[in-house]
Amino acid sequence: MADQPNGLGARALTMSYGGASPVIEKLDLSVMAGKFTALIGPNGCGKSTLIKALGRLLRPTSGAVLLNGEHVNTFGAKRYARQVSSLQQSAQNPAGLTVEALVGQGRYPHRTLLAQWTQQDSAAVDRALEKTQMVSFRNAPIETLSGGQRQRAWIAMVLAQETSILLLDEPTTWLDLRYQIEILSLLNQLVSDQGLTVIAVLHDLNQAIRYAQHLIIMADGQIVSEGSAEDAIIEEVLAQVYGIEIGVFPDPSGPGLLCLPKPTKS
Amino acid sequence: MRVFFGLWLVLLGAVVVSLCSGDINVSPGVVFVTLVGSGQVGAMEETIVNTLRLPRVCLAVTVGAALGLAGTTAQAILRNPLAEPGLLGINAGAGLAAMLVIVQVSNVHENTLPLLTFYGALLTCGAIWELAGRVGITPLRLILVGVGLGALTGAGASFIATFAPPADAMRAMIWVAGSLQDAGWVKLGWVIYLGVPGAVLVALLARDFDILVHSDNVARALGQRVNVVRSIAILAIALLAGGAVAGAGPIAFVGLAAPHMARALVGYEHRNLLPASAILGAILLVLADLAARRTLAPIQVPVGLATALIGAPFLGYLLWRLKEHG
């Protein structure tokens with residue numbers, strides 16, 4: 001699978017910080033093109049590190065991240081950013097920055113040092129604002145927006161990069177339930193309508209099951225289970241990964257599954 | 001943009017007032033005729049305007065603009081609203097060099113002091129980059145190393161001053177306070193030759209600063225080579241602030257305040273912020289110099305003292321505002 005020349009993947013990827021024991025060890029991965037993949041697992045399992053490595057934000061200790069069969073370290077920084085965009089968690093918002101200015105920054109990898117702003121840049125910004133329904137907030141300073149709108153503005157920024165692959169590190173953390181659902185529906189829509197490939201680190205198992213088409217469960221820097229919800233979500237695996245008993249039931253509100261921690265004996 | 005028109009106008013006004021006023025007041029008309037050099041003007045007026053006030057106000061404009069640009073750049077790459085070029089040890093390094101030159105060398109050539117102070121600034125800057133870079137550059141690490149090294153070189157300068165002959169120490173103290181007093185075309189040349197390349201560099205990086213202020217990861221994800229941008233920016237700061245210090249000694253507050261005022265006027269994008277900071281820095285320094293010359297006339301207060309006196313309350317205001325906005 002990892003040798004598949006198309007799309008994004010990792011081969012024997014090992015990641016470590018400083019001289020410490022590796023966070024990820026010899027991981028193989030092939031990202032499903034045109035699907036919404038959720039990366040889940042307990043704190044410290046290496047999922048954030050993995051998504052940073054896929055985004056070329058961290059250098060592998062050994063092994064490789066590959067895009068269309070090419071080692072990502074051989075890409076120029078801007079060339080990679082024209083094909084893979086990644087949204088980082090809890091970015092700061094400088095005071096006075098408007099939605100439009102932020103989204104315009106997504107054009108950075110498409111522009112050369114002395115190039116002027118072009119029609120294509122404007123068109124890309126407009127499209128990104130439309131897709132995220134932020135057109136009416138175009139001139140609003142980011143700090144005046146609600147949490148959900150803010151996150152949509154940041155997603156618009158990475159959409160303005162016009163990449164086919166979008167990586168998101170915990171895009172719903174810090175948002176309340178309503179905004180979490182809003183963001184996940186948006187990502188789902190981008191995949192089904194625009195054919196984007198989306199990989200997102202998520203914390204909520206049930207949201208991952210409902211909104212993602214492909215799940216990857218990680219523990220201790222390894223992928224322990226992968227596939228559709230029915231294939232990947234197994235009670236024994238969850239117990240092993242999270243260290244608590246988690247029941248898996250059919251979702252009473254529709255197709256799919258529902259995970260619920262079992263009461264602990266005290 | 002209308003804001004820029006207004007800023008240029010204010011700067012022009014400040015320059016004219018500065019050229020006109022002094023122990024002997026010269027009318028704007030005479031100043032104009034003198035500058036154009038066509039009319040019949042008294043020799044005294046001509047000397048006052050052309051050899052005393054003109055180089056001085058030119059030095060104030062260029063040094064102020066350089067400090068404004070350097071301050072905006074420092075705040076962008078250090079992601080800290082309290083950042084200014086002095087945080088990168090530039091003033092302290094230059095101060096130590098100046099102290100050595102003034103105290104140790106008896107007959108200083110006009111070019112020696114600017115050259116060596118600039119080297120002092122550059123050397124400290126390089127040392128900070130090298131020391132902070134050993135374990136991976138982060139804005140906070142740059143600031144901490146800068147503050148540490150600044151304290152060290154400052155202590156060195158004080159040590160030399162303590163054992164220096166009083167007359168030398170006195171001259172050195174005036175330099176360290178930051179002064180436009182014996183401004184001349186040679187000093188102006190230093191500021192321009194060093195500052196212009198620095199200004200070109202920051203102009204080219206304006207768009208990079210816009211995305212670097214978010215975080216390293218955001219900038220990297222957009223395809224920015226973060227450490228390349230940061231090192232070029234530090235080189236630019238060394239040229240701009242090093243040029244300023246070579247021309248006028250360390251001048252506090254302008255590099256800190258000009259970017260904040262500019263941000264309030266033109267917003268956040270660096271292609272507007274940088275030029276606005278430059279003009280505001282120039283305005284601030286011309287006005288501070290005017291105040292330094294005129295308030296206790298005929299005594300001339302070093303301009304660095306005037307900027308520091310205005311700067312301290314401003315700093316308090318800034319901290320108070322930061323606290324208000326969490």
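Residue numbering restarts at 1 for every chain, and letters A, B, ... go by the order of the sequence lines. What you see is a predicted model, and the numbers here were worked out from it, not measured in a lab.
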Subject >> Toward chain B, the part of A:L87 with a non-hydrogen atom under 4.5 Å >> reply: neither

Original post:
How would you list, in number order, the residues of residues 265-282 of chain B that have a heavy atom less than 4.5 Å from chain A?
Top reply: B:Y268, B:E269

Subject >> Top of A:R111, A:M157, A:R107 for chain B proximity - count of heavy-atom pairs under 4.5 angstrom >> reply: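 When all of A:R111, A:M157, A:R107 are compared, A:R111 has the most.
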
**OP:** Look at A:K78, A:Q105, A:Q161 and state which one has the largest set of heavy-atom pairs under 4.5 Å with chain B.
**Re:**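 Most heavy-atom pairs under 4.5 Å with chain B: A:Q105.
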
Where [X] and [Y] come nearest, the two heavy atoms and their spacing:
X      : Y      : value
B:L204 : A:L113 : O-CD1, 3.5 Å
A:G106 : B:L222 : CA-CD2, 3.8 Å
B:N217 : A:Q88  : CB-CG, 3.6 Å
A:A81  : B:A221 : CB-O, 3.5 Å

Original post:
With no hydrogens and no angle check, do the side chains of B:D208 and A:Y108 hold a donor and an acceptor under 3.5 Å apart?
Top reply: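 Side-chain D/A pair, B:D208 to A:Y108: present.
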
Subject >> CA sep, side-chain torsions, deciding dist, call: B:R207, A:W117, side chain to side chain contact (heavy atoms under 4.5 Å, CB included) >> reply: CA-CA 11 Å; B:R207 206 185 294 149; A:W117 185 257; over 6 Å; no

Decide if atom [atom1] of [X] counts as having more than 12 heavy atoms of other residues, nucleotides or ligands within a radius under 6.0 Å.
X      : atom1 : answer
B:R225 : CZ    : no
A:Q120 : CD    : no
A:Q194 : CD    : yes
B:Y193 : OH    : no

Original post:
So which of B:L205, B:V213, B:D210, B:D216 has the biggest tally of heavy-atom pairs under 4.5 Å with chain A?
Top reply: B:D210

**OP:** With the side chain counted from C-beta on, respond yes when B:R220 and A:Y80 share a heavy-atom pair under 4.5 Å apart, and no when they do not.
**Re:**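 No, their side chains stay 4.5 Å or more apart.
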
